[in-house]
2 protein chains.
Amino acid sequence: MQASPLRNEETPTEAPSPRQQAVLDAALTLMVEGNDPLTMDAVARRASCSKETLYKWFGDRDGLLTATVRWQASRVHAGRYEVSGLDAATLRENLLDFAESWLAVIASRTSVALNRIAIAEAGSRKSNLGGIVLANGRFAIGERVKPVLEAGRAAGLLAFEDSETAFRTFFGLVGRDIQIRLLLGDALDLDAAGIRSDAARAVEQFLALYGQANP
Amino acid sequence: MQASPLRNEETPTEAPSPRQQAVLDAALTLMVEGNDPLTMDAVARRASCSKETLYKWFGDRDGLLTATVRWQASRVHAGRYEVSGLDAATLRENLLDFAESWLAVIASRTSVALNRIAIAEAGSRKSNLGGIVLANGRFAIGERVKPVLEAGRAAGLLAFEDSETAFRTFFGLVGRDIQIRLLLGDALDLDAAGIRSDAARAVEQFLALYGQANP
DNA sequence: TGCGTACCGTACCGTACGGTACTGTTGACC
DNA sequence: GGTCAACAGTACCGTACGGTACGGTACGCA
């Protein structure tokens with residue numbers, strides 16, 4: 001089990017124009033509503049544009065989906081974290097922040113809808129939607145968390161050999177069964193309070209496993 | 001976040017006849033191969049039966065998918081575990097066994113294909129495939145693991161308040177990012193050795209969090 | 001031997017949807 | 001005002017696929 005080749009899929013291409021953003025937002029809205037099966041007709045109607053324009057801008061259906069996923073991802077990315085001179089409280093706070101924001105993302109209707117489409121598409125080859133979602137979700141957050149973990153280790157607050165393995169444990173403690181249940185249609189509603197307490201529990205468990213008193 | 005209403009979906013209806021089982025196996029094979037998009041035509045051709053028979057036996061496409069999921073589930077369920085007079089070694093062994101078999105399931109091509117279809121279907125209402133997969137996967141294993149955890153607590157080997165919460169932590173430690181990565185098409189191959197070491201790590205971590213010396 | 005049942009194979013139907021073509025209409029620029 | 005590009009709206013095409021109908025065959029049963 002070595003590094004996956006999926007991590008450099010972020011390739012933002014050029015940013016969509018405001019009108020194109022409106023179209024992509026329409027597509028997102030339709031996905032999230034989830035009543036109709038996201039047909040090109042439906043997007044065109046919702047966005048008040050012609051199908052011909054859709055095809056001109058995005059090439060084909062897959063291009064539209066790809067652009068939509070990228071557009072959504074571009075709005076989720078947050079700034080990087082400060083990792084120099086880490087103390088225990090700051091480390092805990094950073095991890096808590098990651099856990100909360102990650103839970104908020106995977107519990108959002110947008111994420112569920114996007115992941116459903118990417119997973120469905122990943123079944124039938126000929127589209128890299130799954131890779132894009134992974135690159136902007138799971139792998140993007142891994143690349144942001146691992147420096148924090150490594151800084152924690154450098155500061156003597158954490159002990160682990162491989163930051164990737166440590167992160168995957170953190171990921172499991174935070175996400176548990178939430179994402180698969182939501183993807184499969186379980187009703188499971190996580191409100192803000194539930195997210196906070198889940199995130200806190202995950203962080204405490206992670207620190208119990210990997211933390212050590214600053215020597 | 002309370003109990004989900006999905007847990008009594010196992011309703012096995014009557015068992016399929018041998019010929020019907022062959023048809024369902026054909027459907028499974030097609031799903032796993034994943035080249036064509038599991039059309040009724042393809043199933044009929046692969047199973048050497050007529051579409052009319054398919055519709056007569058299973059009602060419609062959704063009925064066929066449902067029967068296929070149930071058929072697969074009926075083969076995965078293993079026997080229950082002995083939970084009386086648990087000692088530390090037996091507890092660890094039981095947990096290890098659960099973790100290994102669960103990892104083997106979610107890493108199998110069959111599980112990935114089935115979950116993909118159920119997730120795709122869960123997007124467009126009108127089908128309870130997702131509920132069935134959940135009931136026979138995540139919830140079924142939960143109902144089998146929780147008695148073991150509770151027996152461990154009764155024997156003074158584990159400490160927790162809520163067995164559901166403890167199980168969800170175990171679930172997260174075992175599965176981590178594996179299922180979502182596979183669903184999204186990541187290549188990630190887990191061989192038997194990888195599964196064993198992953199399972200062992202998860203069990204040790206779980207015991208580090210919830211275990212306590214027998215008083 | 002005739003009849004009914006269960007089934008395969010295949011032709012067929014209707015519709016949904018991806019993709020294209022055509023006809024305005026608007027607005028920028030000369 | 002004339003010209004052109006971009007675009008909305010819509011009609012249209014081809015195909016894939018869910019679902020149905022029907023002819024043909026094998027087999028059990030009287």
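Naming convention: chains lettered A, B, ... in sequence-line order (proteins, then strands); numbering from 1 in each chain.
Separating the CG atom in B:Asn115 from the CG atom in A:Leu184 is a distance of 5.5 Å, to the nearest 0.5 Å.
Whole-Å rounding puts the B:Asp36 CG to D:dT15 C1' distance at 16 Å. B:Met40 has its CE atom 13 Å from the P atom of D:dC17, to the nearest Å. Going from atom CG of B:Asp41 over to atom P of D:dT15 covers 16 Å, rounded to whole Å. In this structure, CG of A:Leu38 is placed 12 Å from C1' of C:dG18, rounded to the nearest angstrom. For the pair A:Arg46 CZ and D:dA8 P, the computed distance is 16 Å after rounding to whole Å.
The ring-ring contact (aromatic ring centres under 6.0 Å, His included) test with B:Phe206 singles out one residue from B:Phe171, B:Phe98, B:Phe170, B:Phe167, and that residue is B:Phe170.
Looking at B:Asp25 and B:Arg75, a side-chain N of the basic residue comes within less than 4.0 Å of a carboxylate O on the acidic one, giving a salt bridge. Taking 4.0 Å as the cut-off between side-chain N and carboxylate O, A:Arg92 and A:Glu204 count as a salt-bridged pair.
Ring orientation note: the planes of A:Phe160 and A:Tyr210 are nearly perpendicular, at an angle over 60° on the 30°/60° scale.
Put simply, B:Thr39 has a side-chain N or O that comes within less than 4.0 Å of OP1 or OP2 on D:dG18. Phosphate proximity of C:dC8 to B:Arg19: present, with a side-chain N or O under 4.0 Å from OP1 or OP2.
Using a distance-only test at 3.5 Å, with no hydrogens or angles considered, a donor-acceptor pair links the side chain of A:Thr68 to the main chain of A:Leu64.
Of the residues in residues 47-67 of chain A, those lying under 4.0 Å from DNA chain C by heavy-atom distance are A:Lys51, A:Glu52, A:Tyr55, A:Asp60, A:Arg61.
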